[in-house]
Amino acid sequence: MAKLKKDEILAAVSEMTVLDLADLVKALEEKFGVSAQPMTVAATAPAGASAEEGAREEQTVFNVVLAAAGDNKIGTIKAVRELVPTLGLQEAKTLVESAPKEVLTSVNKATAEEAKKKLETAGAKVELK
């Protein structure tokens, strides 16, 4: 196999769709036994703080997961395209049909709630994680 140069690889990646890139990331994760997800380190409670106080801290970063498309798949596809304008029609359709699937990653609470409301209004089942 010919050795590819970095510029050639970057050019090929820049021409890929979002879904193709997601598939590529999964393939790389499987091949090399790694994860593209950022590692999180559990914060330790300050001295004297109880475990209950640490558990009550409010989550500030959310992932919006499309659990199921619901009865109105077309409406759900439209809602997904509004939330992720970089997705084309086919990409949004594929995402909706492959539920459960993450729609938005690492967003604030207000954005996550707004996205959840928009998707649920379209008939989809949504989870915030």
Side-chain angles (χ1 to χ4, degrees):
M1 176 185 235
K3 187 174 180 180
L4 295 175
K5 293 184 180 179
K6 180 175 64 171
D7 293 337
E8 293 170 333
I9 294 170
L10 289 173
V13 168
S14 69
E15 294 176 8
M16 297 174 80
T17 65
V18 174
L19 291 176
D20 289 338
L21 287 172
D23 290 340
L24 175 63
V25 169
K26 283 183 184 178
L28 290 171
E29 288 175 338
E30 290 172 7
K31 172 133 177 102
F32 297 108
V34 295
S35 174
Q37 297 296 323
M39 295 187 65
T40 58
V41 178
T44 57
S50 71
E52 287 180 22
E53 289 174 0
R56 284 187 284 187
E57 288 184 25
E58 189 173 335
Q59 183 178 353
T60 58
V61 178
F62 296 86
N63 295 338
V64 180
V65 178
L66 177 66
D71 294 333
N72 184 6
K73 188 163 68 169
I74 293 172
T76 302
I77 292 169
K78 287 180 180 180
V80 166
R81 288 195 67 204
E82 287 178 27
L83 294 170
V84 188
T86 58
L87 290 182
L89 180 60
Q90 183 62 43
E91 294 163 326
K93 180 179 182 279
T94 302
L95 186 145
V96 169
E97 290 174 343
S98 61
K101 201 73 164 180
E102 215 168 73
V103 178
L104 297 174
T105 306
S106 300
V107 295
N108 63 35
K109 184 175 183 177
T111 303
E113 289 291 338
E114 181 181 329
K116 180 179 180 184
K117 182 178 177 184
K118 187 174 283 196
L119 288 165
E120 286 177 340
T121 300
K125 290 185 171 61
V126 182
E127 297 174 357
L128 298 181
K129 294 185 177 187

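- Shown here are the side-chain contact (heavy atoms from CB on, under 4.5 Å) partners of Leu128, two or more places apart in sequence or in another chain: Phe62, Val64, Ala112, Glu113, Lys116.
- In plain terms, the two heavy atoms of Ile77 and Ala92 that are nearest each other are CG2-CB, 3.9 Å.
- Within the structure, salt bridge (charged side-chain N to carboxylate O under 4.0 Å, His left out) pairs that include any residue of residues 6-16 do not occur (at least two apart or interchain).
- Applying the salt bridge (charged side-chain N to carboxylate O under 4.0 Å, His left out) rule to pairs touching residues 61-70 yields nothing, sequence neighbours excluded.
- The side-chain contact (heavy atoms from CB on, under 4.5 Å) check on Thr121 picks up Lys117, with sequence neighbours excluded.
- Residues meeting the salt bridge (Lys or Arg N to Asp or Glu O under 4.0 Å) test with Glu114, sequence neighbours left out: none.
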Show, in sequence, the C-alpha distance, side-chain angles and deciding distance for Glu91 and Thr94, and conclude whether the side chain to side chain donor-acceptor pair (under 3.5 Å) test is met. CA-CA 5 Å; Glu91 294 163 326; Thr94 302; over 6 Å; no

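- Shown here for Val96 and Ala69, the closest heavy-atom pair between the two residues is CG1-CB, 3.4 Å.
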Would Val103 and Leu95 count as a side-chain contact (heavy atoms from CB on, under 4.5 Å) if you check the C-alpha gap in whole Å, the side-chain angles of each, and the deciding distance to 0.1 Å? CA-CA 8 Å; Val103 178; Leu95 186 145; 3.9 Å; yes

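- Counting all heavy atoms, side chain and backbone alike, Thr76 lies closest to Gly123 at OG1-C, 4.5 Å.
- Remark: Lys129 engages Glu127 in a salt bridge (Lys or Arg N to Asp or Glu O under 4.0 Å) (not counting sequence neighbours).
- Every residue meeting the side-chain contact (heavy atoms from CB on, under 4.5 Å) condition with Val13, not counting sequence neighbours, appears here in chain and number order: Ile9, Met16, Leu21, Leu24.
- Annotation: the span from Asn63 atom CG to Leu104 atom CG amounts to 9.0 Å, rounded to 0.5 Å.
- Residues passing the side chain to side chain donor-acceptor pair (under 3.5 Å) test with Lys26: none are found, sequence neighbours excluded.
- When every heavy atom of Ala124 is checked against every heavy atom of Leu66, the shortest pair comes out as CB-CD1, 3.5 Å.
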Test side-chain contact (heavy atoms from CB on, under 4.5 Å) on Leu87 and Thr17 and set out the steps. CA-CA 8 Å; Leu87 290 182; Thr17 65; over 6 Å; no

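- In this structure, Val80 is a member of the same hydrophobic cluster as Val107, with clusters built from ILVMFWY side-chain heavy atoms closer than 4.5 Å.
- For the salt bridge (charged side-chain N to carboxylate O under 4.0 Å, His left out) condition, the pairs that include at least one residue of residues 64-85, sequence neighbours left out, are Lys73-Glu97, Glu82-Lys118.
- Checked against side chain to side chain donor-acceptor pair (under 3.5 Å), Asp23 has no partners two or more places apart in sequence or in another chain.
- Atom-to-atom distance recorded for Leu19:CG and Ser98:OG is 7.0 Å, nearest 0.5 angstrom.
- With sequence neighbours left out, Asn108 forms a side-chain contact (heavy atoms from CB on, under 4.5 Å) with Ala110, Thr111.
- Residues Ala67 and Ala99 come closest through the heavy atom pair O-CB, 3.7 Å.
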